[in-house]
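First the structure, in the form of structure tokens, and then the observations on it.
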Amino acid sequence: MASYLFTGGRVLERNAEGLLDGVDVLIEDNRIKEVSDTPIKSTTAERIDLKGKTLMPGLIDAHVHVVASMVDLSQNAALPSSLAALRAARIMNGMLMRGFTTVRDVAGADLGLKRAVEEGLIEGPRLVICGKALGQTGGHTDFRGRSDDRGAFEGRLGALGRICDGVSSVRRAAREEIKAGAEFIKIMANGGVASPNDPIHALGYSRDEIKAIVEEAANAGTYVSAHLYTDEAIRRAVECGVHSLEHCNLIKQETAGLAVEAGAVACPTLVAYEGLALEGAAFGLGPESIAKIETVRRGGMESLDIMRKAGLPMAFGTDLLGQLHKFQSMEFEIRARVLPISEILVSATRISAQLCRMDGEIGVITAGAFADLLVVDGDPTKDLRVLQDEGRHLAAIIKDGRFYKNALM
Ligand code: ZN
Ligand code: ZN
């Protein structure tokens, strides 16, 4: 049984508004055993003097696609599943080494990848999965060209979504994903950037279909997450009972208020558009997709302010594809142009934990929570750049009580 006592550091305060001196943290096995502002005594734990460094909860990215090893999602869907899995392992390792100890995969990852992490076959973050996203014919999971009437690559791990139409088919699809281990259900309820035939303004699914999927998720004790950009699509999703509102770039004030009343959570993913604009074309994003980026990129920055004013909780998401995963931590810097640092840190910990349905278990330093911790060289409440640069300022990365990086000695 591994046990460590962290002492001599400064611990991130619950609301990320500052650092607390003189707090000891004891971890035992994979859990935090004790947090105390008086010295903790332990005869068995290995004592680690943090020498003034910051101890904070592991980060949580609530919008990733670990099987997206290519920007061109159509080609990604055609990859052999074994290759897609091995590439996913490398992508997941990159996330862990940037300090993300949990990620919510919102289309693509399956139970095999989740179990591979749990069994220690992959050194990656905890994985919360939804299996394949549900999308309609011609929607955001349909990567076939206009005159391409082949079946979609649904059986492949590299396919982020599946195509299903009609109330009975979407119910069945939702039930199949839940049976296969989905912890929530993802739907494509609006047009998207990385798919060829659906303009941003297009609505995905009828109200009846969305309500049916929401009912199936609720029957299984979970929620629906929807891919959404336009105000109209977001409002409709909220009215139909969708809980996790992805992207939300073009949301307006009134809809943000309705989302608050409904208890929904938004998950902006601004770095996705920065990344695609910077290097998307070089990695195979088609011209019809490039043209769509600007629409959502411009709205994205304004949306943060609108959602903040409304009091809509925001999780932390990135939504990067393929070679663009290296930009994951840039989401901090983009949000900091608009939001207070403390709120960004709470997004990347406690609020994202809610969408993982692991409230109180991850994203917090409290007795009983999983021992997912970062030791940061610097004060993230003053400067978020200490969480960037591919994890360079992280002196230690601990997940489930185990060190994945340790530069403390
Ligand atoms: Zn999306
Ligand atoms: Zn996405």
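Counting starts at 1 for both ligands and their atoms, following the listed order.
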Inset, instruction - Output yes if H227 passes the N/O/S-under-2.8 Å test against the Zn ion (ligand 1); output no otherwise. - result: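 Yes, since at least one N, O or S atom of H227 sits under 2.8 Å from the Zn ion (ligand 1).
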Legend entry - Short N/O/S contact of H63 with the Zn ion (ligand 2) (below 2.8 Å): yes
Inset, instruction - Check whether any N, O or S atom of E246 sits under 2.8 Å from the Zn ion (ligand 2). - result: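 Short answer: no, not a single N, O or S atom is under the cut-off.
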Inset, instruction - Quickly, which of K399, R402, R90 forms a salt bridge (charged side-chain N to carboxylate O under 4.0 Å, His left out) with E123? Name it, please. - result: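 The single option meeting the salt bridge (charged side-chain N to carboxylate O under 4.0 Å, His left out) with E123 is R402.
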Inset, instruction - In plain terms, say whether R357 and E183 are close enough for a salt bridge, that is, a side-chain N and a carboxylate O under 4.0 Å apart. - result: no
Legend entry - D383 with R385: basic N within carboxylate O range, under 4.0 Å: yes
Inset, instruction - Just give me the atom name: the N, O or S atom of D319 closest to the Zn ion (ligand 2). - result: OD1
Inset, instruction - Mark yes or no: R126 above the aromatic ring of F370, with NZ or CZ under 6.0 Å from the six-membered ring centre and no more than 45 degrees from the axis. - result: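 The answer is yes; both the distance and angle limits are met.
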